[in-house]
Every structure is written in C-alpha cells, then in structure tokens.
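Below is one structure, written out as structure tokens; comments come after it.
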Amino acid sequence: MSFVRTFAGDVSPDKLGFTYSHEHIVCRPPYWVEQGADDLLLDDKEKSQLDVLDFKRRGGRTIVDATAVDYGRDVAAVQQISEETGITIIGTAGFNKSFLWDAPMRDNVKKIVGDYETYHQWIEDKTANQLADFVIQEVEQGLEGTKWRGGQVKFGTGYNRITPLEEKTLRAVARAHHETKAPIHTHTEAGTMVLEQIELLKEEGINLEHVSFGHMDRNPDPFYHEQVAKTGAFLSFDGISKIKYAPESTRIHCILELVRKGYEDQILVSGDTARKSYYKHYDYGLGLENIIAKWVPRFKAEADSLGFDGEKLITKFFVENPARCFTFKK
C-alpha cells in the first residue's frame, strides 16, 4: 500500500492537495545561533503559524518541512501548527550540509545520539550504517525522540564539492531509504554537484525516481536540468520569490524548457522560506502566501502566452507531482 507519512499520521497520496514541496516553518539552526544571524532563526511559533494560515486561506493544503536534525528543528511546534491550522505537514529525517556541523549539538539530540560536542564529531565517529540506523529510527519511530515520524529522508552537499562526511551521510540516507522506502530529498548548494550525487546514489542502488533534487533554479542551466531529468528524478525549483538570485522569468523559462522536453511530471515548486525577512508575519516579507497568490497567476499567464496549458501545469507541479514524489513505495 502506498502512503504519505505526515505529522498527523500516514495518509493516502490523493489527500495532499496543493503542496509546497520545500519549506522551513519553525527552526533555530545551531550554526546560525552561534553566528548571531537572527534573520535565519524562525523562532516564533505563533508568527510562523500566521503565515501558514495565509497559505491555507489561499487554498494551500500541505507543506513539506525540509528541516533536518542539524538545522534546529522544533518538532513539537511544527506538529502543533499542523494540528491547529489543519494544514498537512511532512517532516524530514536525515542531514543538511557539512558547514553546519561545526555548531554545538543541542542537548535533546545528545540524549539520542550520544554526548558529542558537535554534529561533526558525531558524523565522523559513526559509520554510514550506524547513521542509517538513526535515520531509520526517525522515520519509523519519531523525529528526535518524539512520536511524530519523518516523511522523507534528506542529505546535502556543498558548493562544487562533496566532502567525505557528506558522502557518508548520502550513503546513510540511501541505505535508510532501502529499509524504510521513504522518499529522498537532496540539498544542492547553488544547484551544483547533482550529477555527482546521482553517481553516488547509483552506487547505493537507488532508483532515482524516488529522489527529488533541491535548488535546481539556483543553477539555471536547461541542459544541466535535462541531464538530471533523464534519470527519472524530480527537480525542485524551490527558490521562488528570491529575485536576488534570478528573476522569475529565468525560473519560468527553465521550467518550461523541461515541460517542452517532456518532463512536466518531474517538476516541483516551492519557496524554501527560511528567513524572517521572507515571512510576512516576522518581518513584512512576501510570506508563505506569495507563491500561491501571486506566482501561480504569473506563471499561468506566461505559460498560456507561450502556448502551454498553465492551469494543467500548476496542477501537476503542486498537486499531482508532490503526491507521487512524497509517497512511500512499500
């Protein structure tokens, strides 16, 4: 039986509805706490919840919270937001990228993995199989010792490099996938090292149709995107609204190039909204409602003007494709 694992339990994929495939809701990343980077701390449950409610009022139904153990999850707060708003939220087991791992490990994580000073020490000390056991536990028992289980497994790599410890977490996540059948999500720094990730995942016997590669719009290269799409994987265009990286016309062009080449069933769209200044109710930003309220109409208008069926594509990117991407293949 196929299902999606959420904070409210396992549900049928057709129950997800309109879905953001990569967001952050409440988190206090230890690395950014240490750096004093307040903008990167989503540390007010009530303010985050107001943005989630904006998303709901616009017709949103599901959010994938891509916050891993090393990024300061607040599992209980996110679960409460899901329960109090009625929005389905999918949690994430696994890891992010290596520069975050020099930060002090939080006490609640130490209680589960051991008395390590940093995440780096923990990951360096354990084998890939031991780290896989931790990820499996988070999917099958609960995130950070809670009863709320992870609905995807994640790893990340750096900008134009994969460190030995990042490779170890990649292999751990791949092995956890084999055991749990949880979908895999990957962080790519500025959209780099995807092809290298793919080769390592192939070594671990991963069917790439069960993988979504993040931040594809940070590397707006249609030829590169096509090489990824040929593997059957999902491509996540999750930097919507971040004009400092590229105008929306660039993202939409890359998306429509994939559609033109026949890959419309492998595209996901989201915002990776991970700063106070991106949230409406923290710091007057565009907020979680921006994609569904403003980007979707913009995309449909541009797609229609170019001879595509914009409404059909939006349904694929936000409803049909997420329902397949985030399904456990038992």
Side-chain angles (χ1 to χ4, degrees), residues 6-8 15-27 38-67 74 77-92 214-218 236-252 255 267-304 310-323 325-326:
T6 79
F7 276 92
K15 300 297 184 185
L16 294 190
F18 191 102
T19 300
Y20 283 173
S21 57
H22 181 151
E23 298 296 338
H24 300 276
I25 301 174
V26 182
C27 56
D38 183 68
D39 192 36
L40 285 152
L41 310 182
L42 299 178
D43 53 5
D44 188 318
K45 179 252 182 186
E46 299 305 322
K47 290 178 180 177
S48 293
Q49 183 161 322
L50 289 171
D51 266 87
V52 172
L53 285 169
D54 288 344
F55 168 71
K56 181 180 182 179
R57 280 192 288 270
R58 297 289 189 170
R61 291 294 175 263
T62 298
I63 297 173
V64 180
D65 182 352
T67 311
D74 189 331
V78 174
Q79 185 277 331
Q80 289 167 14
I81 289 174
S82 176
E83 184 174 28
E84 292 169 13
T85 63
I87 287 292
T88 298
I89 299 179
I90 297 169
T92 299
H215 309 316
M216 290 295 89
D217 44 347
R218 288 292 307 280
S236 185
F237 291 80
D238 47 25
I240 305 303
S241 308
K242 297 177 182 177
I243 309 304
K244 64 183 179 181
Y245 298 132
E248 296 304 342
S249 57
T250 297
R251 295 185 186 88
I252 291 172
I255 290 169
I267 297 168
L268 305 170
V269 177
S270 201
D272 186 18
T273 310
R275 290 177 178 268
K276 285 184 168 78
S277 54
Y278 296 160
Y279 266 74
K280 178 179 177 181
H281 295 282
Y282 277 97
D283 197 22
Y284 311 103
L286 295 173
L288 288 178
E289 68 181 354
N290 183 64
I291 295 176
I292 191 170
K294 295 182 179 178
W295 188 87
V296 165
R298 152 70 191 270
F299 175 86
K300 288 195 290 188
E302 187 163 350
D304 289 347
E311 184 67 38
K312 175 185 172 184
L313 292 174
I314 289 299
T315 300
K316 283 185 175 288
F317 302 163
F318 291 99
V319 180
E320 295 173 5
N321 295 352
C325 177
F326 299 110

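What you are looking at is a predicted structure, and each value in this text was computed from that prediction instead of being measured. Quick note: residue numbers are just sequence positions, from 1.
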Go through it in stages, so that I can follow the logic: the residues are T6 and K15, the test is side chain to side chain contact (heavy atoms under 4.5 Å, CB included), and I'd like the CA-CA distance, side-chain angles, deciding distance and then a yes or no. CA-CA 11 Å; T6 79; K15 300 297 184 185; over 6 Å; no
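- Ring pair F299/F317: centre-to-centre distance below 6.0 Å.
- Under a 3.5 Å cut-off, the side chain of T19 and the backbone N or O of G17 do form a donor-acceptor pair.
- Rounded to the nearest 0.5 Å, atoms OG1 (T85) and CZ (R57) are 11.0 Å apart.
- No side-chain heavy atom of V296 sits less than 4.5 Å from a side-chain heavy atom of R58.
- Without hydrogens or angle criteria, D39 side chain to R275 main chain gives no donor-acceptor distance under 3.5 Å.
- Counted within 6.0 Å of NZ on K300, heavy atoms from surrounding residues, nucleotides or ligands total more than 12; the atom is thus considered enclosed.
- In this structure, L288 and V52 have side chains that are in contact, with non-hydrogen atoms separated by less than 4.5 Å.
- In this structure, the separation between CD on Q80 and CD1 on I89 is 11.0 Å, given to the nearest 0.5 Å.
- A salt bridge does not link D51 with K280: every distance from a Lys NZ or Arg NE/NH1/NH2 to an Asp or Glu carboxylate oxygen is 4.0 Å or more.
- Note that OG of S21 and CG of D272 are 10.0 Å apart. Values are rounded to the nearest 0.5 Å.
- With rounding to the nearest 0.5 angstrom, the CD atom of Q49 is 10.5 Å from the CD1 atom of I87.
- Taking 4.5 Å as the limit, some side-chain heavy atom of Y20 sits within range of a side-chain heavy atom of I292.
- When all heavy atoms of D65 and H24 are compared, the pair lying nearest together is OD1-CA, 3.8 Å.
- The closest donor-acceptor contact from the side chain of D54 to the backbone of E289 lies at 3.5 Å or more, if one exists at all.
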Would you check, one step at a time, whether the test side chain to side chain contact (heavy atoms under 4.5 Å, CB included) holds for I291 with F318? CA-CA 11 Å; I291 295 176; F318 291 99; 3.8 Å; yes
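- Between K45 and E84, at least one side-chain nitrogen of the basic residue sits less than 4.0 Å from a carboxylate oxygen of the acidic one, meeting the salt-bridge criterion.
- With rounding to the nearest 0.5 Å, the separation of OG1 in T273 from CG in N290 is 8.5 Å.
- The OG atom of S236 sits 13.0 Å away from the CZ atom of R218 when rounded to the nearest 0.5 Å.
- Between D217 and I240, the shortest heavy-atom distance links the atoms OD2-N, 3.9 Å.
- The shortest heavy-atom contact between F326 and L268 is CZ-CD1, 4.4 Å.
- Defined by atom type and a distance below 3.5 Å, a donor-acceptor pair is missing between the side-chain atoms of E320 and T315.
- Closest heavy-atom contact between I81 and I25: CD1-CG2, 3.7 Å.
- Side-chain contact between R298 and S249 is present, with at least one heavy-atom pair separated by less than 4.5 Å.
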Yes or no on side chain to side chain contact (heavy atoms under 4.5 Å, CB included) for D43 and D38, after CA distance, side-chain angles and deciding distance? CA-CA 9 Å; D43 53 5; D38 183 68; 4.3 Å; yes
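- Salt bridge annotation for D283-K276: absent, with no cationic side-chain nitrogen under 4.0 angstrom from a carboxylate oxygen.
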Check against side chain to side chain contact (heavy atoms under 4.5 Å, CB included), W295 and I252: CA-CA 10 Å; W295 188 87; I252 291 172; 3.9 Å; yes
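- Across all their heavy atoms, P322 and K316 have their closest contact at CD-O, 3.6 Å.
- For the pair Y278/L286, no side-chain contact is recorded, criterion being any heavy-atom separation below 4.5 Å from C-beta on.
- Among all heavy-atom pairs drawn from L16 and R61, the shortest one is O-CB, 3.1 Å.
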